[in-house]
Amino acid sequence: MSAEAPRHFIQQIIEEHNAEQAWGVWNEHDAGPTDAPGPLGQAARQRLGKPRVHTRFPPEPNGYLHVGHCKSICLNYGLARLHGGKFNLRFDDTNPAKEEAEYVEAIMRDVRWLGAEFDPALGPFGGGLFFASDYFDTMYAYAEELVRKGKAYVCELSADEVSQRRGTPKQPATSPFRDRPAEESLRLLREMRDGRHSEGAMTLRAKIDLASPNFNLRDPVLYRIVHAHHHNTGDKWHIYPMYDWAHGFEDSIEHITHSLCTLEFENHRPLYNWFIDAVNDGRTADGSGPWGKKIWHSRQIEFAKLIPSYTLLSKRNLLRMVKENMVESWDDPRMPTVSGIRRRGYTPEAIWAFCEDIGVTKFDSVIDVTRLENACRDHLNKIAPRRMAVLNPLRVIIENYPEDRIEHFDVPNNPEDPSAGVRQVPFSREILIERDDFMEDPPKKFFRLSPGNEVRLRCAYWIRCERVIKDENGNITELRCTYDPDTRGGESPPPGPDGAIRKVKATLHWVDAARALPATVRLYDRLFTTEEPGKTTGNPFDDLNPEALRVLADARVEPSLAGITPDEPRWADGIRRFQFERHGYFCIDVPSWRADTRPFAQGALIFNRTVTLKDSWSKAGKS
RNA sequence: UGGGGAUUGGUGUAACGGUAGCACGACUGACUCUGGAUCAGUUAGUCAAGGUUCGAAUCCUUGAUCCCCAGCCA
């Protein structure tokens, strides 16, 4: 988030808080290692005495992260970084029935890949890695405290009964256990804790307001009985806290200043505050008195989640796509998961630019996915090395070029960045061009190769098509061309005797037929054909795009792709990305399950198309 | 039906009682050894109706539309 980033409403709230030092300032105890060398120490020293801004990203480890989460990560980490504060990664692992350790590793990797380093030993804004389950003891103590304060009770209604007694907007809910004596609730709560009751037998409920128009306040459940193995606490607990009960304390314990969440939690904010206030009721600032010291009270702020067009983001639907083989895996490059878009070739920088571009508001807007694609083109255009690749080859014989001759031409690695230098690309009598770059019977504005027409081969020569060779079925198998030696390197030839200047309107990419490397190229497109999948039929999978993946198994790429060349950027994630000239951006496929990201066997090259170049020719309808 | 939110060009987002701006897209043109990139220009907007005010996207009233909420999910 740059300094000139627009001041969205959360920014404004934070600035107001900072102005009045609502959260105090960082001190020598929590600023970090001020004596550490490098950026870590520097960040800690700069933090000292500044208003506290401490954010967190609190995923539940029950699935993979997707672009929607990126918005939240960028927001939270970006705010911490902008204000020189801290950022925590915290797993909200309060439901062992749905969560798995496997996801913890994947989520950490995804968050780090985005550049939101949470480890204070590795990143200047790292606040730490935390687990809600590490706070279970404290949360439980608070629960007993509420019971003793008469603010919570054990309710023996079944889930169905609670649901039936929920009431209506006008009719209040009921529970016969509401006025149970505190001692009895306390005894039952301890029995619940000790595993002496079966699942569903009873719950601990807060005594708030059975008639509230906000149903969240109709005596919400704090603890339910779950006899399940927890990935972190093992079999220690038989009761697990509900989200509403747990979340505010997680923020409180970590001294989070701004607890950012999505709009659907707006109705939960009164609860969030009620729980903290209930614990603080009777507590004092200095800890004197029977209940001890007041606890930290974070501020919950809600923002609209990301809804990209042509995309499905709900965990349920993503899971279904994997389970029902609509895609190959969680990291299938068609998936909107972080692992999917990473494998697709998107860069963290592009995702950051996108998230900053779309802003932060409380309005549920659908964001055009082309914005994400544009952000990616933008970034890759600046840094991706250019290469030539022929996806769908057509043989060209240059009849007047000597059979035994091979030339090497210098081709710029990146016209956007002259310092990237040039590489040498071999050329000989027999080359391959793109089938789409030739038309026997071209429409008016087709500038590429056609019978009698002349074009430039990128950085090589100008050629003219003399003859078209076909097989018995009339399919074009080969082109016979001639080249002009005066155009060596692709330069314009000298003017004719009459001063006339010859021009070509097109430059084609090409590869040397004998020396090009075979490759498989996977062309990815959006997974759905409609902006809001399922909007018309109700079933999003009716709108699946059958052409979201096209595999070209017979592509040919220039030989420099056989190894890593000096002009390639040092990609932090090890994923090697290129621009195939006139096609788009591609990366060498690296499935996230493969540990070695660098080596690959020659002849087994697989490229994933990240995003196409803009193409005004195809857009013109090829008319 | 009760409660909680929201509504500014095609899309996204600014303005905080004082000239409705920016970005993306689209369209024109220039340039180009990528029909890419770059550069220049054009396009188009305050949900509606009243009211307050010298002046309203902004404040008030009424209405419309959309989203969220009746899990022992988060």
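Values in this document were obtained by computation on a predicted structure and should not be read as measured data. Below, chain A is the first sequence line, B the second, and so on; all start at residue 1.
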[options]: which one has an atom nearest the side-chain heavy atoms of [X]?
X	options	result
Trp617(A)	G35(B), A70(B), A74(B)	G35(B)
Asp92(A)	A74(B), A37(B), A6(B)	A74(B)
Phe363(A)	U7(B), C67(B), U34(B)	U7(B)
Lys170(A)	C72(B), U13(B), U1(B)	U1(B)
Lys445(A)	G35(B), A6(B), C67(B)	G35(B)
Glu264(A)	C72(B), C68(B), A6(B)	C68(B)
Val221(A)	G3(B), U34(B), C72(B)	C72(B)
Ala159(A)	C72(B), U34(B), A74(B)	C72(B)
Lys614(A)	A74(B), G36(B), A14(B)	G36(B)
Asn95(A)	G35(B), C73(B), C67(B)	C73(B)

[atom1] spacing across the pair [N] / [M], given as an integer number of angstrom:
N	M	atom1	answer
C27(B)	U8(B)	P	25 Å
C24(B)	C59(B)	P	30 Å
U46(B)	G12(B)	C1'	15 Å
A44(B)	U52(B)	C1'	31 Å
G10(B)	U43(B)	C1'	11 Å
G45(B)	C22(B)	C1'	13 Å
G17(B)	G29(B)	P	45 Å

Under 4.0 angstrom, heavy atoms only, what part of the nucleic acid is [X] near: base, sugar-phosphate, or nothing?
X	result
Glu199(A)	nothing
Leu380(A)	nothing
Arg224(A)	base
Ser212(A)	nothing
Arg205(A)	nothing
Gln579(A)	base
Gly584(A)	nothing
Phe265(A)	base
Thr203(A)	base
Met242(A)	sugar-phosphate
Pro59(A)	nothing
Arg448(A)	base
Thr94(A)	sugar-phosphate
His583(A)	nothing

Any salt bridge between [X] and [Y], counting N to O under 4.0 Å?
X	Y	answer
Glu60(A)	Lys98(A)	no
Arg90(A)	Asp251(A)	yes
Arg423(A)	Asp567(A)	no
Lys382(A)	Glu349(A)	no
Asp437(A)	Arg448(A)	yes

Measure from the ring center of Phe427(A) to the ring center of Tyr483(A) and say whether it is less than 6.0 Å. no
- Trp245(A): which of Leu146(A), Val221(A), Leu204(A), Leu271(A) passes side chain to side chain contact (heavy atoms under 4.5 Å, CB included):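 Single side chain to side chain contact (heavy atoms under 4.5 Å, CB included) partner of Trp245(A) among Leu146(A), Val221(A), Leu204(A), Leu271(A): Leu146(A).
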For the side chain of [X] and the base of [N], is some donor closer than 3.5 Å to an acceptor across the two?
X	N	answer
Glu416(A)	U38(B)	no
Gln12(A)	C16(B)	yes
Arg582(A)	G35(B)	no
Asn216(A)	C69(B)	no

For Asn413(A) and Ala420(A), indicate whether the former's side chain and the latter's backbone hold a donor-acceptor pair under 3.5 Å.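 Yes; judged by distance alone, with no hydrogens or angles, the pair exists.
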Has Ser212(A) got a side-chain atom pairing as donor or acceptor with Asn214(A)'s backbone, closer than 3.5 angstrom? yes
_Ignoring hydrogens and geometry beyond distance, is a side-chain donor-acceptor pair present between Asn374(A) and Arg371(A) at under 3.5 Å?_
no
Residue pair Ser259(A) / Arg56(A), side-chain donor-acceptor N/O under 3.5 Å =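 Yes, a side-chain donor-acceptor pair sits under 3.5 Å.
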Can you tell me if the side-chain N/O atoms of Ser365(A) get under 4.0 Å from OP1 or OP2 in U11(B)?
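For U11(B), OP1/OP2 do not have a side-chain N/O of Ser365(A) under 4.0 Å.
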Honestly, is Arg218(A) close enough over Phe215(A), meaning NZ or CZ under 6.0 Å from the six-membered ring centre and within 45° of the axis? yes
Within 45° cone of Tyr310(A) ring axis and under 6.0 Å: Arg526(A) NZ or CZ |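 So Arg526(A) does make the cation-pi contact.
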Can you list the stems that include RNA chain B, where a stem is three or more consecutive Watson-Crick or G-U pairs with distances under 3.5 Å?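 Listed by first number, the stems are B:2-7 with B:64-69, B:10-13 with B:21-24, B:26-30 with B:38-42, B:47-51 with B:59-63.
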Mind listing the residues from residues 366-379 of chain A sitting with a heavy atom below 4.0 Å of RNA chain B? Number order is fine.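 Close to the strand are Val366(A), Ile367(A), Arg371(A), Asn374(A).
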Are the ring of Phe215(A) and the base ring of G3(B) both nearer than 5.5 Å at their centres and tilted by less than 30°? no
- Query: Would you call Tyr243(A) stacked on A74(B), i.e. ring centres under 5.5 Å apart with the planes less than 30° off parallel?
  - Reply: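 So Tyr243(A) does not count as stacking on the base.
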